[in-house]
Participant: 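Once you've had a glance at the structure underneath, I'll fire off some questions.
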Amino acid sequence: DGRLQLRIHGHGHRAVAPHDCAVLVRDHAQAMAMRQALAARGVASVASARSSLFAEAAAQDVLTLLLALQHPADAGRLRALLATPLFGLDAPAIAALDDGSLALQDWQQRADDWLRLWQQHGPQALLTQLAAQQARPQLQQIDGERRLAHWLQLGEWLQQAARRRPSLSGQIAWLQRAIATADPHDPDQQPKLESDAGRVRILTVHASKGLEFPLVFLPFAGIGRGAGRRDDRVLYGASDGTRVQQWKSMHVDAASPDWDGAVQRQQQEEREEAMRLLYVGLTRASH
């Protein structure tokens, strides 16, 4: 709102803008949690944490679209499609689509048109047309630009898959498998990022190394790594640089630490890593 200002060297002061702010997190789960929290407050953000396009909600939206086209007489599948963010009908609008109603018949006719477009020109043409038709309401939403980018990118993937699996059932099977085997470390699956102009940036502490931002937020700095930890095993580094996984029930020799010693080693390593990441995060801010 302009009350908080930055001092720009040689240029006086100006109001803080969203793109001045960086939120540093530890992993993809924290990045998505921050993105959702900011969106709930009406703050646009762009996240650069590793993720797979097929793990995004847009992939499920497109799968719902294909299933509705595969079963054109199934009004339930059509209602499920219309409830996705692609169309965004609310509960009263969905409830108004009674069997035999004129409104439902209108949507069924549109679905027939979409199926013909898919049959004649393929999935990319269909998703491009739907994205264009829904662009205005989508761009009024905090995450709308991101969703549009993902739908178009999924259209490209499906168009390539159609060369090997031209049938609708084949493309559904292909997309279901892609969703089930989504790999956030595969660079080909990385979602195309929307423009970060005017947006708060969210990225991992590791990815922020060597970068600098006017204002930095570390919302998870005081939260440990307890999530996912098991009580029956620990992981720590050995003196030769290898990683050792030790089970509580394991018989250890004299050269290995006992269970309490192994737990202390893991905790010490976690504290050291947390301090390293905290130092990196705190030194990314120029103000």
Participant: Checking side-chain hydrogen bond (donor to acceptor under 3.5 Å, both in side chains) for the pair R265/Q268: CA distance, chi angles, key distance, verdict?
Facilitator: CA-CA 5 Å; R265 279 198 184 186; Q268 179 62 26; over 6 Å; no

Participant: Quick one, R79 and W107 - any side-chain contact, counting heavy atoms below 4.5 Å?
Facilitator: no

Participant: If we ignore angles and hydrogens, is there a donor and acceptor under 3.5 Å between the side chains of Q138 and R147?
Facilitator: yes

Participant: Between Q266 (side chain only) and Y236 (backbone N and O only), is there a donor and an acceptor less than 3.5 Å apart?
Facilitator: no

Participant: Quick check against the 3.5 Å criterion: does D258 have a side-chain atom that pairs as donor or acceptor with the backbone of G261?
Facilitator: yes

Participant: Measuring from atom CZ of R77 to atom NE2 of H71, what distance do you get when rounded to the nearest 0.5 angstrom?
Facilitator: 4.5 Å

Participant: Considering all heavy atoms of both residues, which atom of T84 and which atom of L81 are nearest to each other, and what is their separation?
Facilitator: OG1-O, 2.6 Å

Participant: Identify the heavy atoms of D186 and D188 that sit nearest to each other, and give their distance.
Facilitator: OD1-N, 3.0 Å

Participant: Is the distance between the ring centroids of W114 and F87 under 6.0 Å?
Facilitator: yes

Participant: Can you confirm whether P72 sits close enough to Q108 that some side-chain heavy atom of one is under 4.5 Å from a side-chain heavy atom of the other?
Facilitator: no

Participant: So, do L127 and L65 sit near enough that their side-chain heavy atoms are less than 4.5 Å apart?
Facilitator: yes

Participant: Quick check against the 3.5 Å criterion: does Q245 have a side-chain atom that pairs as donor or acceptor with the backbone of R233?
Facilitator: no

Participant: Evaluate D106 against R110 for salt bridge (Lys or Arg N to Asp or Glu O under 4.0 Å), listing each step before the verdict.
Facilitator: CA-CA 6 Å; D106 179 62; R110 295 190 204 183; 2.9 Å; yes

